[in-house]
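Each remark here refers to the structure printed beneath this line.
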Amino acid sequence: MSNNLDLWNNVCKTNPSYTKKANVRGNSITAIAPQYQILQATEQFGSYGSKWGFKSFDINTNLMDKGMVYAIGVFFYPGGEFPISSSIGLYRDNAMTKIDQDFAKKLETDALTKALSKLGFNADIFLGLFDDNKYVQVMEQEFKKENNSINEWRKPALTTEQFEKTLQADAKGIKVVLDRFRMSDDQRKQLNNKL
């Protein structure tokens, strides 16, 4: 049986927590957090720059008078390499008086998203599945455990002093601490035993 779709199947689904609705030139799109894409690619391939990324990425300003810049590069990954191109507006305003200081970063991010999409990363977004609320709800459920784990790490760590005080608290106080703080399994077990 062919394994041509192994990579695609591993990366085609998108965690909705790393998306947001955006308006690009009058079109409503689902945007993906670039760092999430880098995380996914690193998980599949290894470190950015040594195992995957751009071999070359040349920004061309020949279209500056039209308010555009573009780039042509070569994207590489453990399975090969291919050319990639991207273009973006140079100005933040229609009068073309305010240069977007982040145009180069945005250009590279756009090219990276396009390159990864060719390998199947976040294919559900590019196939239009995120336009269906029912599909997004299914993805929210599928990624719920991962998101709970991430949300747990966003909580502040419980200090030893706070833990000691909480051991003396009533059930209501213990429940508040269990909900608001990150702690060791042993601390959580001790506090749960006090309820």
Side-chain angles (χ1 to χ4, degrees), residues 1-49 51-54 57 68-89 92 94 100 102-156 178-182 188:
M1 182 151 187
S2 172
N3 59 359
N4 289 344
L5 289 175
D6 285 353
L7 175 61
W8 186 285
N9 290 332
N10 285 339
V11 298
C12 66
K13 294 179 181 177
T14 305
N15 184 337
S17 294
Y18 298 103
T19 66
K20 65 180 178 180
K21 291 295 182 188
N23 190 308
V24 177
R25 293 180 219 112
N27 297 315
S28 177
I29 66 162
T30 301
I32 311 156
Q35 203 64 24
Y36 173 66
Q37 291 182 300
I38 292 169
L39 171 69
Q40 282 188 296
T42 300
E43 182 178 59
Q44 295 299 315
F45 305 139
S47 298
Y48 178 82
K51 302 288 184 182
W52 66 278
F54 294 107
F57 192 75
M68 299 291 291
V69 290
Y70 66 94
I72 298 174
V74 174
F75 182 82
F76 73 96
Y77 66 105
E81 63 182 53
F82 53 86
I84 195 75
S85 63
S86 182
S87 62
I88 196 163
R92 294 182 311 165
N94 289 336
D100 185 343
D102 291 327
F103 80 87
K105 180 178 85 170
K106 291 176 181 177
L107 189 60
E108 182 179 354
T109 299
D110 185 65
L112 181 62
T113 295
K114 287 178 180 174
L116 290 174
S117 75
K118 290 179 182 292
L119 299 173
F121 286 81
N122 312 109
D124 53 359
I125 288 175
F126 299 109
L127 289 169
L129 297 175
F130 263 67
D131 296 338
D132 180 350
N133 288 335
K134 289 179 183 174
Y135 177 82
V136 174
Q137 289 172 356
V138 168
M139 289 299 99
E140 286 171 347
Q141 284 302 311
E142 187 168 320
F143 286 100
K144 187 174 185 175
K145 185 177 178 181
E146 178 183 316
N147 290 338
N148 286 341
S149 176
I150 290 166
N151 288 335
E152 185 66 24
W153 279 103
R154 289 181 176 156
K155 294 177 182 178
L178 286 169
D179 287 341
R180 292 189 184 165
F181 289 90
R182 177 171 35 96
R188 188 169 295 282

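Since this is a predicted model, take the numbers as computed values, not measurements. The figures here come from the full heavy-atom set of this structure, side chains too, leaving out hydrogens, waters and symmetry mates.
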Checklist line | Listed once per pair and sorted, the salt bridge (Lys or Arg N to Asp or Glu O under 4.0 Å) pairs that draw on residues 129-142, sequence neighbours left out | finding: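 Only Lys13-Glu142 qualify under salt bridge (Lys or Arg N to Asp or Glu O under 4.0 Å).
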Margin query: Quick test of your reading: applying salt bridge (Lys or Arg N to Asp or Glu O under 4.0 Å), list the pairs with at least one residue in residues 114-129, sequence neighbours left out, ordered by first then second residue.
Written below: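 Qualifying pairs, neighbours excluded: Asp110-Lys114.
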Item checked: Trp52 side-chain N/O to Pro78 backbone N/O, donor-acceptor pair under 3.5 Å ->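 Absent.
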Shortest non-hydrogen contact from [X] to [Y]?
{"X": "Leu107", "Y": "Ala71", "value": "CD2-CB, 3.6 Å"}
{"X": "Leu112", "Y": "Phe54", "value": "N-CZ, 3.6 Å"}
{"X": "Ser117", "Y": "Trp8", "value": "O-CZ3, 4.3 Å"}
{"X": "Phe126", "Y": "Phe121", "value": "CE1-O, 3.8 Å"}
{"X": "Phe130", "Y": "Thr14", "value": "CZ-O, 3.5 Å"}
{"X": "Phe76", "Y": "Gly49", "value": "CZ-O, 3.5 Å"}

Mind checking side chain to side chain donor-acceptor pair (under 3.5 Å) for [X] and listing every partner two or more places apart, or none if nothing turns up?
{"X": "Gln44", "value": "none"}
{"X": "Thr30", "value": "Lys21"}
{"X": "Lys106", "value": "Asp100"}

Margin query: Quick check for you: to the nearest 0.5 Å, what is the distance between Asn122 atom CG and Thr113 atom OG1?
Written below: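 Spacing of CG (Asn122) from OG1 (Thr113) equals 8.0 Å.
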Notebook entry, point to check: Can you check side chain to side chain contact (heavy atoms under 4.5 Å, CB included) on Phe75 and Phe57, steps first, answer last?
Noted result: CA-CA 9 Å; Phe75 182 82; Phe57 192 75; over 6 Å; no
Margin query: Considering only residues two or more places apart or on different chains, which pairs with a residue in residues 73-85 satisfy side-chain hydrogen bond (donor to acceptor under 3.5 Å, both in side chains)?
Written below: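 Qualifying pairs: Lys55-Glu81.
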Notebook entry, point to check: Is Asn94 atom CG crowded by more than 12 heavy atoms from other residues, nucleotides or ligands, each under 6.0 Å away?
Noted result: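 Counting neighbours around CG of Asn94, 12 or fewer heavy atoms of other residues, nucleotides or ligands fall under 6.0 Å, so no.
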